[in-house]
**Student:** 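Quick one: structure below, then a few questions.
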Amino acid sequence: MRGKLVAGNWKMNGNLASNQALLQALIPAISPIAGVKYAVCAPFPYLGQVQQLLRGSCIEWGAQDLCQFDHGAYTGGVSAAMLADFNCRYAIVGHSERRSVFGETDEIVALKFAAAIQAGLTPILCVGESLSERESGVTEAVVARQINAVMVHSGVAALGRAVVAYEPVWAIGTGKTATPEQARAVHAFIRRSVAARDEAIAAALPILYGGSVKAANAAQLFSIPDIDGGLIGGASLNAEEFIAICRCAQPAA
Ligand code: PEP
């Protein structure tokens with residue numbers, strides 16, 4: 001049975017003082033509940049701080065990216081093994097900001113995904129279409145291409161140790177959320193695409209929705225059968241909002 005996961009993506013935000021205040025607000029407010037996981041993905045320099053503060057809590061942590069290479073002359077790179085040293089559980093790969101601002105191709109994303117798996121991290125693979133792609137009716141083709149790149153490189157079985165996040169690019173940080181029907185249709189498509197290669201892996205694969213999730217829309221989105229939680233950007237920086245979103249992932253009492 002798939003559980004739910006709510007993961008915060010802090011992006012390039014925060015500092016030592018604000019991270020501490022945020023985590024100290026989250027820790028007592030988020031309770032462990034069977035079948036629900038919580039995580040925050042912090043900027044690299046703060047992983048040590050996050051590890052120290054979250055140790056012993058029910059909130060796991062991760063990074064927002066990683067280098068596809070193991071070690072060596074890759075100035076600025078941070079390897080999967082380095083993330084594992086900080087007990088990261090997750091590494092986001094292929095976020096649309098990495099793809100569009102830093103020019104990451106499907107091939108690079110597939111290498112990063114493989115590097116994360118190799119180090120025992122759980123990659124959160126982001127996929128999603130731009131507004132023009134949606135308007136030209138190629139949403140499914142784009143998402144299929146992005147997922148296939150990973151399945152071809154690492155094999156479908158690797159998705160058994162991963163999370164997929166469907167993040168329509170036009171909904172990220174814009175305040176526009178996919179309608180429940182738009183999200184449902186793409187999530188179902190992703191699951192069908194993986195099922196075409198392996199039904200059991202598809203059935204167990206957590207598929208998160210990301211794109212302007214807030215406390216006000218999380219419950220509706222998380223109630224859709226193929227939506228297994230959320231990847232939360234802006235709202236994860238606000239303790240009250242993030243706590244409320246986490247609670248929306250919990251089963252009704
Ligand atoms: C994200 O950064 O992955 C994201 C979904 O951002 P936001 O929630 O701010 O749209």
Side-chain angles (χ1 to χ4, degrees), residues 4-14 18-19 22 26 37-44 46-47 50 59-66 88-102 104 109 112-113 116 121-131 133-134 139 142-143 146-147 150 162-180 182-184 186-187 190 206-222 224 226-249:
K4 291 259 194 288
L5 167 65
V6 179
N9 172 14
W10 290 358
K11 311 197 189 200
M12 199 171 72
N13 292 296
S18 68
N19 300 342
L22 176 57
L26 300 185
K37 291 181 180 166
Y38 317 97
V40 295
C41 295
F44 293 135
Y46 300 123
L47 289 173
V50 167
I59 306 170
E60 298 179 293
W61 57 94
Q64 300 166 19
D65 183 31
L66 79 169
C88 286
R89 154 71 51 215
Y90 298 101
I92 298 174
V93 298
H95 190 281
S96 68
E97 287 149 17
R98 300 294 319 171
R99 293 178 191 261
S100 66
V101 181
F102 299 96
E104 290 187 9
V109 173
K112 291 186 173 199
F113 180 98
L121 305 172
T122 301
I124 301 178
L125 170 68
C126 298
V127 298
E129 80 289 359
S130 65
L131 185 58
E133 288 165 338
R134 173 160 284 270
T139 296
V142 169
V143 168
Q146 292 169 331
I147 295 203
V150 165
V163 171
V164 169
Y166 168 56
E167 300 208 305
V169 179
W170 47 271
I172 297 180
T174 57
K176 288 186 198 155
T177 314
T179 63
Q182 285 170 326
R184 190 208 57 74
V186 180
H187 280 240
I190 292 171
I207 307 177
L208 312 184
Y209 170 79
S212 299
V213 177
K214 320 181 247 307
N217 58 22
Q220 187 183 28
L221 287 161
F222 297 172
I224 297 169
D226 272 312
I227 299 189
D228 305 311
L231 183 57
I232 320 298
S236 70
L237 297 168
N238 177 309
E240 217 178 301
E241 276 283 309
F242 192 64
I243 291 163
I245 293 169
C246 288
R247 291 193 177 141
C248 291

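Whatever order the structure lists ligands and atoms in, that order sets their numbers, starting from 1. The structure displayed is predicted, hence computed values, not measured ones.
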**Student:** Hey, which atoms in ligand 1 end up nearer than 4.0 Å to a heavy atom of Asn9?
**Tutor:** 1 (C), 2 (O), 3 (O)
**Student:** I'd like to know if the side chain of Tyr209 reaches the main chain of Ala178, judged simply by a donor and an acceptor atom lying under 3.5 Å from each other, with no hydrogens or angles considered.
**Tutor:** yes
**Student:** Check side chain to side chain contact (heavy atoms under 4.5 Å, CB included) between Ser18 and all other residues, then give those that pass, not counting sequence neighbours.
**Tutor:**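 In terms of side chain to side chain contact (heavy atoms under 4.5 Å, CB included), with neighbours along the sequence ignored, Ser18 is linked to Asn15.
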**Student:** Taking N or O atoms only and a 3.5 Å limit, does Gly234 qualify as a polar contact for ligand 1?
**Tutor:** yes
**Student:** Quick check: does Thr174 get an N/O under 3.5 Å from an N/O on ligand 1?
**Tutor:**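 Among all N and O atoms of Thr174, none is under 3.5 Å from an N or O of ligand 1.
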**Student:** Closest non-hydrogen protein atom to atom 3 (O) of ligand 1, residue and atom name please, with distance?
**Tutor:** Glu167 OE2, 2.7 Å
**Student:** Is there a side-chain contact between Trp170 and Glu129 in this structure, where contact means two heavy atoms from C-beta onward sitting under 4.5 Å apart?
**Tutor:** yes
**Student:** With no hydrogens and no angle check, is any side-chain donor or acceptor of Asp226 less than 3.5 Å from a backbone partner on Ile190?
**Tutor:** no
**Student:** Out of Lys214, His95, Gln64, indicate the one that has the non-hydrogen atom closest to atom 1 (C) of ligand 1.
**Tutor:**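 Of the listed residues, His95 has the closest heavy atom.
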**Student:** Near Gly211, which atoms of ligand 1 are under 4.0 Å from a heavy atom of that residue?
**Tutor:** 5 (C), 10 (O)
**Student:** Do you know which two heavy atoms are closest between Gln146 and Gly128, and how far apart they sit?
**Tutor:** OE1-N, 2.8 Å
**Student:** Just jot down the ligand 1 atoms closer than 4.0 angstrom to any heavy atom of Lys11, in number order.
**Tutor:** 1 (C), 2 (O), 6 (O)
**Student:** Out of Gly233, Gly230, Ser236, Gly173, who is nearest to atom 10 (O) of ligand 1 when you count heavy atoms only?
**Tutor:**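 Selected option, by shortest heavy-atom distance: Gly173.
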**Student:** Which atoms of ligand 1 sit under 4.0 Å from any heavy atom of Leu231?
**Tutor:**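 Every atom of ligand 1 under 4.0 Å from some heavy atom of Leu231: 3 (O), 5 (C).
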**Student:** With distance as the sole test, does Gln64 use its side chain to make a donor-acceptor pair with the main-chain N or O of Ile92 at under 3.5 Å?
**Tutor:** no
**Student:** Of all the atoms in ligand 1, which lie at a distance below 4.0 Å from a heavy atom belonging to Ser212?
**Tutor:**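 With Ser212 as reference, the close atoms of ligand 1 come out as 7 (P), 8 (O), 10 (O).
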**Student:** Where the side chain of Lys37 meets the backbone of Leu5, is there a donor-acceptor pair that is under 3.5 Å apart?
**Tutor:** no
**Student:** Can you list the ligand 1 atoms lying under 4.0 Å from a non-hydrogen atom of Ala171?
**Tutor:**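 Under 4.0 Å from Ala171, ligand 1 has these atoms: 10 (O).
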**Student:** What residues form a ring pair (Phe, Tyr, Trp, His ring centres under 6.0 Å) with His187, not counting sequence neighbours?
**Tutor:** Tyr166
